[in-house]
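Before any comments, here is the structure.
All heavy atoms count here, side chains included; hydrogens, waters and symmetry mates do not. As the structure is a prediction and not an experimental result, all values here were calculated from the model. A note on names: the letters A, B, ... follow the listed sequences, proteins ahead of strands, and every chain is numbered from 1.
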Amino acid sequence: MAELTVLQAVTDALRTEMRRDDRVVVFGEDVGKNGGVFRATEGLQKEFGEERCFDTPLSECGIVGTAVGMALYGIRPVAEIQFLDFIYPAFDQIVSEAAKMRYRSGGEFTCPMVIRAPYGGGIRGGLYHSQSSEAYFCHTPGLKVVIPSTPADTKGLLLSSIRDEDPVIFLEPKRIYRTVKGEVPEGDHPVPLGKARLVREGSQVTLIAWGAMVPVCEKAAAEAAAKGIDCEILDLRTLVPLDEAALLESVRKTGRAVVVYEAPKTAGFGAEISAILAEKAIEVLEAPIVRVAGFDTPFPYTLENLYLPDARRVLAGIEKAVGF
Amino acid sequence: MAELTVLQAVTDALRTEMRRDDRVVVFGEDVGKNGGVFRATEGLQKEFGEERCFDTPLSECGIVGTAVGMALYGIRPVAEIQFLDFIYPAFDQIVSEAAKMRYRSGGEFTCPMVIRAPYGGGIRGGLYHSQSSEAYFCHTPGLKVVIPSTPADTKGLLLSSIRDEDPVIFLEPKRIYRTVKGEVPEGDHPVPLGKARLVREGSQVTLIAWGAMVPVCEKAAAEAAAKGIDCEILDLRTLVPLDEAALLESVRKTGRAVVVYEAPKTAGFGAEISAILAEKAIEVLEAPIVRVAGFDTPFPYTLENLYLPDARRVLAGIEKAVGF
Amino acid sequence: MAGTLRPARTKQASEPGPDGRAELGLLQVIGADGAAAKTVEPELPVEDLQRMYRTMVLIRTLDERALKLQRAGRIGFYVSCLGQEAAQVGSAQAFEERDWIFPTYRDPAIALHRGIPVVELLRQCFGNARDRVRGRQMPVHYAFREIRFVSISSPIGTQLTQAVGVAHAARIRRDPVVVAAYCGDGATSSNDFHAGLNFAGVWKAPVVFLCVNNQWAISCPSAKQTASETYAAKAVAYGMPGVRVDGNDVLAVYRATKEAADRARRGEGPTLIEALTYRMGSHSSSDDAARYRPSEEWEAWKAKDPIDRFRRYLARRRAWSEDFEHEVVAGASAEVQAAIEEAEGTPVPAIETIFTDVYAEMPPHLREQLEELRRAEAAGRGEEEKGEFPL
Amino acid sequence: MAGTLRPARTKQASEPGPDGRAELGLLQVIGADGAAAKTVEPELPVEDLQRMYRTMVLIRTLDERALKLQRAGRIGFYVSCLGQEAAQVGSAQAFEERDWIFPTYRDPAIALHRGIPVVELLRQCFGNARDRVRGRQMPVHYAFREIRFVSISSPIGTQLTQAVGVAHAARIRRDPVVVAAYCGDGATSSNDFHAGLNFAGVWKAPVVFLCVNNQWAISCPSAKQTASETYAAKAVAYGMPGVRVDGNDVLAVYRATKEAADRARRGEGPTLIEALTYRMGSHSSSDDAARYRPSEEWEAWKAKDPIDRFRRYLARRRAWSEDFEHEVVAGASAEVQAAIEEAEGTPVPAIETIFTDVYAEMPPHLREQLEELRRAEAAGRGEEEKGEFPL
Ligand SMILES: Cc1ncc(C[n+]2csc(CCOP(=O)(O)OP(=O)(O)O)c2C)c(N)n1
Ligand SMILES: Cc1ncc(C[n+]2csc(CCOP(=O)(O)OP(=O)(O)O)c2C)c(N)n1
Ligand SMILES: [Mg+2]
Ligand SMILES: [Mg+2]
């Protein structure tokens with residue numbers, strides 16, 4: 001066990017898997033000598049050489065398109081997109097190609113690959129260095145979407161993602177890259193995809209979150225506890241495929257749900273959580289399903305702290321649900 | 001009044017607006033001499049010349065990027081994307097640029113433009129000529145998303161979209177391009193954006209739909225009526241900004257909701273409808289909010305009729321809601 | 001003025017002369033009369049030449065029949081490659097078995113030439129239960145793992161970056177694999193063309209890019225597709241050689257492709273080949289070229305038919321006879337006819353094929369949706385509504 | 001072999017000679033000693049030359065101060081254009097007032113040269129209530145309608161297709177407008193570079209593409225960005241002239257740009273200009289070039305400073321004196337200092353700026369969200385959590 005940041009856990013996972021499986025290659029803009037603009041790939045080129053950790057020209061389309069090809073050939077590409085906000089030039093390759101290759105070829109060709117990208121707000125990045133667009137990928141059958149919120153999960157889920165037989169969008173909450181630390185098991189400790197994590201047990205209301213919103217919910221839950229409200233927190237970890245069983249179990253127990261996400265509210269993945277609950281658990285619901293989310297605007301710079309859901313807004317959501 | 005198909009109503013709207021406003025230009029792949037692969041722009045190049053109706057190279061990125069520029073300059077671009085499935089190479093220009101131009105420039109620069117695209121299943125188009133990806137655009141603040149389901153609305157909403165001061169994604173349900181006919185007022189009859197259409201009044205359950213799912217719901221409602229179930233049908237027409245007032249009013253009346261959409265179920269725009277209802281009308285809900293949607297798979301070719309929600313599946317949804 | 005690079009020439013589609021040094025650098029081997037320019041004539045055994053001819057006749061036979069099937073409503077859609085047989089077969093002949101092919105929807109002859117029987121193509125066109133891609137794709141979107149013929153996609157150009165990925169991966173693995181990446185003239189405007197060629201140039205990836213310039217992208221002629229002198233000239237932007245070849249001359253295509261493939265295999269990097277040909281049919285069964293295309297152009301190209309030209313060459317080499325022709329044509333017809341019968345007689349895919357192959361393992365939500373659909377089906381089918389396919 | 005277009009030369013960044021005919025076609029006017037090559041020296045009035053010099057000094061002064069503000073945590077982020085002043089000012093001088101500018105984040109001097117006061121830039125960097133873009137964008141993402149300086153975006157390359165759209169629209173409206181489309185060397189790999197130049201070529205759009213080749217895209221050197229001989233050579237792929245110019249030579253840049261702008265205005269279509277220069281600083285305040293960049297390279301380029309070079313030229317023309325220098329430098333410092341004071345003293349934008357300008361009119365759901373936030377704010381703020389910006 002070592003105490004690592006989320007960022008160090010990313011590097012640790014990449015290094016661990018590159019050592020274990022010589023088919024794994026890591027590439028993207030500035031990932032080589034520079035070690036990535038966040039230093040997530042620091043030291044990899046040195047250890048594994050330019051053939052296994054390399055820079056690309058400035059084209060996300062090329063990064064993902066060539067990753068699809070590498071996956072087709074049978075090596076294991078782990079492509080970095082420098083910020084999730086810059087993934088759109090590659091959108092066609094992701095949704096038309098990676099996501100549909102297995103299906104459209106009847107399994108003749110497959111795309112086991114990982115696209116890693118730092119995402120979300122909290123670093124004063126403004127419109128184009130703060131987005132949380134996980135919903136686009138969740139709405140695209142054929143993709144898996146994974147978002148860790150702790151160092152241990154970051155490592156374990158990334159290991160599983162690289163080993164997965166299908167394309168995985170692996171989103172790293174950059175806001176907690178360096179601020180959240182935790183024990184991370186050394187060596188090969190994958191965490192299975194498709195399983196949520198019960199962060200905190202509680203009886204009155206379930207907070208459902210992922211990524212950097214998990215610690216925000218923990219803070220809100222602590223404040224709620226001080227007011228006598230007992231919150232359960234579910235960290236989804238894998239958005240697709242979703243651990244629906246865990247979701248339903250928790251809400252059937254508490255009877256109330258607050259969904260917290262930082263993406264724009266409308267048609268965000270939190271809407272899917274609400275919809276599932278409204279379809280499958282309405283009989284247990286004792287209150288409105290509250291969503292605490294980003295606003296339906298682009299991401300602002302100076303006022304980002306007002307834009308992002310914080311413990312205060314989550315607490316207001318909790319009170320709305322519990323006070324109903 | 002003339003009896004037109006949905007497709008003829010598109011052409012009529014374009015012609016009407018091009019006559020009224022000489023800033024309007026129409027362009028895209030094959031829209032000129034060929035009149036578009038669906039013939040939506042038939043005759044426009046002849047009437048308005050190559051300067052106002054013109055072909056482009058095979059690049060959706062270029063089509064939308066230049067459209068943004070034209071809008072910045074102050075003319076009114078109406079760009080055609082041949083099939084919605086081919087919009088992804090332009091995704092960056094849409095979500096990063098058109099959607100955010102007004103916001104990021106503090107209103108110094110704006111993007112009044114329309115992107116028209118045929119969308120949806122029902123023509124045996126398989127994976128890449130059948131998609132309904134409206135949710136991506138609905139989740140992108142700064143865009144308006146408009147989907148007609150009748151010839152009169154097609155014309156009226158397209159007129160309003162071209163006149164709108166913001167970028168509009170105008171999706172045309174190609175399945176009913178030629179199969180649905182109706183009276184369309186001649187001349188200048190815009191239909192305002194942001195207003196839903198009450199298709200059918202009913203008391204027991206509200207069916208919420210858009211595009212080609214509206215006639216499917218009408219059929220299901222007729223069958224339900226035969227079984228003694230009284231359905232209300234709401235055609236959203238504009239997904240963003242949504243006519244939430246009409247939605248809530250209807251469901252507050254009926255107490256039950258079935259959301260019907262042909263996109264993949266997970267994180268589709270129907271999830272947003274469910275989420276709004278679960279947040280704002282839970283106290284009136286007498287049953288689960290049922291979603292009848294496309295499956296979470298790419299769009300299949302031979303079995304498309306099994307994939308697409310049909311009256312039978314909608315009816316099953318109605319019975320689930322009403323029988324609860 | 002200093003520093004100006006001026007495009008030197010302006011004609012887009014030139015008429016090649018009968019030698020290897022034609023206008024705009026168009027490489028040609030077989031003249032209109034069937035005589036070969038000796039300096040550039042490739043050394044291919046007669047059996048190979050005859051096999052190439054067979055494939056060309058076979059694809060033409062299939063195209064003709066399949067278009068009729070489409071007209072009769074027996075298949076939903078079809079794309080013919082009429083007039084482009086030489087570009088496919090000449091290039092296919094230049095690759096080795098271990099090489100990977102990224103084709104477009106207009107390159108089915110490559111699959112045939114690499115040994116796929118016609119019936120496999122027709123199963124796909126019928127979208128039946130024996131279709132490799134399980135009835136999920138529109139006709140002509142083939143995929144054949146065993147010949148490394150990668151799944152065809154509708155979005156234009158996407159294969160080009162993927163091809164570079166395969167090539168780069170093969171290099172990393174030290175496999176002497178070359179990748180053939182096909183695209184049309186329209187596809188040169190795509191994002192992936194730019195990214196693919198750029199990455200290939202920087203990485204010196206072992207790829208041969210084959211731009212089959214049939215001079216139209218649906219209704220868009222080359223003059224509206226690009227202001228570049230030629231498509232081959234685009235290679236300059238990526239630091240790789242650009243080669244322009246007569247695409248109706250199967251041996252010229254073979255020769256240029258073989259040289260490029262050899263270069264790639266030697267580790268000398270990618271090449272862009274432009275094969276100048278003509279789309280003799282409409283874009284697809286949904287298109288009517290008469291709406292936009294001058295008929296004189298078509299007439300002129302009719303005279304340059306690649307099969308006729310190759311036949312004249314073979315005859316001169318005494319590798320062709322009336323008997324041989326009869327055997328080839330009859331064999332092609334029989335194979336196509338038998339294939340149609342089998343493919344049409346095969347039922348549609350099973351319901352679960354809607355849900356399988358989305359992921360390696362079916363996740364719970366898809367299992368649930370499959371069960372839902374099974375229940376609905378058990379309750380009886382609604383009537384089928386059938387659409388009309390316009391492209 | 002016939003049909004092969006071989007890239008002719010291999011050096012990427014050549015040292016220009018002191019005349020207008022240097023290696024790889026690099027246009028140069030001012031030699032190292034400040035003497036101009038008479039054949040290519042542009043005829044510019046002394047006032048214009050001095051105004052150009054002023055702008056160059058002003059931006060350098062601002063860059064220096066702003067980087068310090070960033071280091072001190074007074075602004076959140078900054079991008080310096082150190083070393084690239086000539087490329088901006090030389091080209092900016094070539095356009096007319098009615099022309100449109102699509103800049104990158106590394107081209108602020110163009111706004112200054114077109115008359116925007118420094119304080120407008122600093123309001124934006126502070127993201128305050130008087131910032132034109134209302135504190136919504138990271139520093140250096142300016143937008144100034146009145147000088148047709150279009151909103152800067154972070155995603156690389158997106159301005160290039162937009163510029164073509166403006167140019168095409170202007171032509172349709174018969175307005176004699178020319179569009180300047182700037183981009184970096186890295187941006188040539190983007191989708192929009194390809195689409196933009198291709199559309200411009202086909203449409204003969206009145207655009208001047210200015211690729212400011214500072215030889216690095218963050219840590220990626222040109223050799224890993226493209227295998228093309230030069231960036232100017234990419235023009236061939238789009239059927240337009242490509243021009244390579246010494247980007248540290250303000251008069252060479254002016255001359256090449258003016259010729260291209262004149263061509264465009266005459267309806268003769270677009271030009272691609274590559275201005276060869278060097279990024280003397282790190283990529284941004286979040287970057288440390290020492291991690292990846294050889295210091296000898298930096299040293300060599302230090303000797304070619306564009307301001308020093310221009311000063312020597314002005315001195316030879318007797319358009320420069322110690323007094324003039326003093327006045328220019330002091331003026332720049334004073335303007336920057338006053339601007340900082342104003343900008344720093346201005347409060348943050350109002351809450352509603354989060355919700356305005358998403359649409360022309362605020363729709364109901366945004367009004368509702370604004371009200372919600374107002375209520376929450378009224379209930380008291382939580383403590384601020386502050387992130388660290390890495391790029
Ligand atoms: C991204 C994308 N945009 C548009 C289309 C519609 N479309 C199908 S084929 C085609 C023309 C392709 O032309 P070319 O690349 O020259 O190939 P050809 O059909 O001539 O073989 C177009 C525009 C598409 N399939 N994909
Ligand atoms: C689409 C996209 N991908 C990645 C980035 C991250 N990024 C910001 S600047 C930059 C390098 C740009 O290089 P260049 O075009 O040469 O301009 P320069 O910074 O040298 O002026 C990169 C990769 C981005 N902003 N946009
Ligand atoms: Mg073509
Ligand atoms: Mg650069």
Could you measure the distance from the [atom1] atom of [X] to the [atom2] atom of [Y]? Nearest 0.5 Å is fine.
X	Y	atom1	atom2	result
Arg374(C)	Leu306(B)	CZ	CG	11.5 Å
Met138(C)	Arg124(B)	CE	CZ	10.0 Å
Ser154(C)	Phe86(B)	OG	CZ	5.0 Å
Ile156(C)	Leu58(B)	CD1	CG	6.0 Å
Thr56(B)	Gln225(C)	OG1	CD	8.0 Å

- Query: For atom CD of Glu361(C), is the number of surrounding heavy atoms from other residues, nucleotides or ligands below 6.0 Å larger than 12?
  - Reply: no

Quick check: does any side chain N or O of [X] sit under 3.5 Å from a backbone N or O of [Y], one acting as donor and the other as acceptor?
X	Y	answer
Asp55(B)	Cys220(C)	no
Gln137(C)	Leu127(B)	no
Arg136(C)	Gly126(B)	no
Asn191(C)	Pro89(B)	yes

- Item | Engaged part of Thr266(B) at the chain C interface, taking heavy atoms whose separation is under 4.5 Å | side chain

- Task: Under 4.5 Å heavy-atom distance to chain C, tell me which part of Phe299(B) shows up: side chain, backbone, both or neither.
- Result: backbone

Heavy-atom closest contact ([X] atom, [Y] atom, distance):
X	Y	answer
Ser59(B)	Ser189(C)	CB-O, 3.5 Å
Ala217(C)	Asp30(B)	O-OD1, 3.7 Å
Asp296(B)	Leu366(C)	O-CD2, 3.3 Å
Phe77(C)	Tyr301(B)	N-OH, 4.5 Å

- Compare all side-chain heavy atoms of Thr302(B) with those of Arg134(C) and state whether any distance is below 4.5 angstrom. no

- With side chains defined as the heavy atoms from C-beta onward, is the minimum distance between Pro155(C) and Tyr128(B) less than 4.5 Å? yes

- Message: For chain B, which candidate among Asp357(C), Ile354(C), Val348(C) shows the most heavy-atom pairs at distances under 4.5 Å?
- Response: Ile354(C)

- Task: Mind ranking Thr353(C), Val133(C), Leu373(C) by heavy-atom pairs under 4.5 Å with chain B and telling me who comes out on top?
- Result: Leu373(C)

- Message: I'd like to know if Glu42(B) pairs up with Arg291(C) as an ion pair, taking the criterion as any Lys NZ or Arg NE/NH1/NH2 lying under 4.0 Å from an Asp or Glu carboxylate oxygen.
- Response: yes

- Item | Pair Glu50(B) + Lys224(C), salt bridge at N-O below 4.0 Å | yes

Quick check on [X] against chain B: is it the side chain, the backbone, both or neither that has a heavy atom closer than 4.5 Å?
X	value
Ala289(C)	neither
Ser153(C)	both
Ile351(C)	both

- Message: Heavy atom to heavy atom, less than 4.5 Å: which residues from residues 119-129 of chain C reach chain B?
- Response: Phe126(C), Gly127(C)

- Message: Under the salt bridge (charged side-chain N to carboxylate O under 4.0 Å, His left out) definition, can you give me all pairs with a residue in residues 315-324 of chain B, not counting sequence neighbours?
- Response: Lys227(B)-Glu319(B)

